[in-house]
J.: 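Dumping the structure here so I can ask a few things about it.
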Amino acid sequence: MKFFIDTADLDDIKEIKAMGMCDGVTTNPSLMAKAGRKDTDALLREICAVVQGPVSGEVTALDAEGMVAEGERLAGLDPHMVVKIPTTYEGLKAIAALSGKGIRVNATLVFSVNQALLVAKAGAAYVSPFVGRLDDVGEDGMQLISDIVEVYQNYEYDTEVIVASVRHPMHVVDSALLGADIATIPPQVIRKLVAHPLTDKGLAAFMADWDKLQGGQG
Ligand code: E4P
């Protein structure tokens with residue numbers, strides 16, 4: 001399973017890349033606002049230079065024509081750029097138009113199997129179902145992933161499934177068990193994945209024994 005980092009924070013991206021856990025990056029307008037840089041095109045270019053993998057930047061236009069124009073501009077920033085388009089009626093038109101021009105699209109804000117089916121038919125390279133936000137309203141986010149993976153397998157769609165809105169380590173475990181292509185994970189959740197109390201306890205015991213050996217006779 002590929003790990004994308006769900007952030008626009010360059011320092012976090014560099015740190016997680018150094019751990020070997022950065023196959024790509026996803027951003028959205030909220031994450032760009034959190035990064036606090038108004039020169040968003042420059043920031044996306046800097047992220048692409050570090051990541052050397054797919055980097056999603058989201059359009060902010062709401063009409064198809066505007067989305068296509070913005071998508072073409074975003075795609076022109078760097079060969080690694082992927083254009084994120086919201087899954088709306090207008091968004092579908094933009095997904096079909098941009099995909100038809102060979103621009104990779106990440107269909108975002110997906111909350112149903114039908115939306116996932118439509119964006120695959122429109123030619124999206126990636127689909128982003130938001131599991132955490134579904135869990136938040138009492139629905140089963142991971143069930144949606146399971147259903148989309150099954151439907152895409154039934155019809156052999158090339159669209160890659162990005163599990164989005166990941167909130168905790170179990171979302172990552174379930175994504176891998178269900179065979180999702182990618183999980184896009186916030187930096188704080190990636191850091192949690194490596195932690196286990198028995199690892200810390202075991203290491204402390206090894207170090208204590210090693211210190212005893214170094215301090216002992218013979
Ligand atoms: C996906 O690409 C989105 O950027 C992201 O996963 C949204 O997550 P949130 O629900 O935690 O905002």
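Indexing begins at 1, ligand by ligand and atom by atom, following the structure's order. Everything quoted here is computed from the prediction, not taken from an experiment. Sequential numbering from 1 along the given sequence is applied to the chain's residues.
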J.: Name the residues with a heavy atom less than 4.0 Å from ligand 1?
T.: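 Ligand 1 is contacted, at a heavy-atom distance under 4.0 Å, by D6, T26, N28, L31, K84, F130, R133, A164, S165, R167.
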J.: Name the atoms and distances for all side-chain donor-acceptor pairs under 3.5 Å in residues 130-139, with sequence neighbours left out.
T.:
residue: D135; atom: OD1; partner: G141; partner atom: N; Å: 2.8
residue: D135; atom: OD2; partner: H171; partner atom: NE2; Å: 2.8
residue: D136; atom: OD1; partner: R167; partner atom: NH1; Å: 3.1
residue: D136; atom: OD2; partner: R167; partner atom: NH1; Å: 2.8
residue: D136; atom: OD2; partner: R167; partner atom: NH2; Å: 3.4

J.: Can D12 and R191 be counted as an ion pair, charged N to O under 4.0 angstrom?
T.: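 A salt bridge links D12 with R191.
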J.: Among residues two or more places apart or on two chains, list those pairs meeting salt bridge (Lys or Arg N to Asp or Glu O under 4.0 Å) that have a residue in residues 65-79.
T.: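 Pairs touching residues 65-79 that pass the test: D41-R73, E72-K101.
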J.: Is it possible for you to say whether M67 and M32 belong to one hydrophobic cluster, with membership spreading through side-chain heavy-atom contacts below 4.5 Å?
T.: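 Shared cluster, yes.
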J.: Only pairs at least two apart or in different chains count here, so list each ring pair (Phe, Tyr, Trp, His ring centres under 6.0 Å) that has a residue in residues 35-73.
T.: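 Applying ring pair (Phe, Tyr, Trp, His ring centres under 6.0 Å) to every pair that reaches into residues 35-73, excluding sequence neighbours, yields nothing.
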J.: Would you call V59 and K84 a side-chain contact if the rule is heavy atoms closer than 4.5 Å?
T.: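 Not touching, per the 4.5 Å side-chain cut-off.
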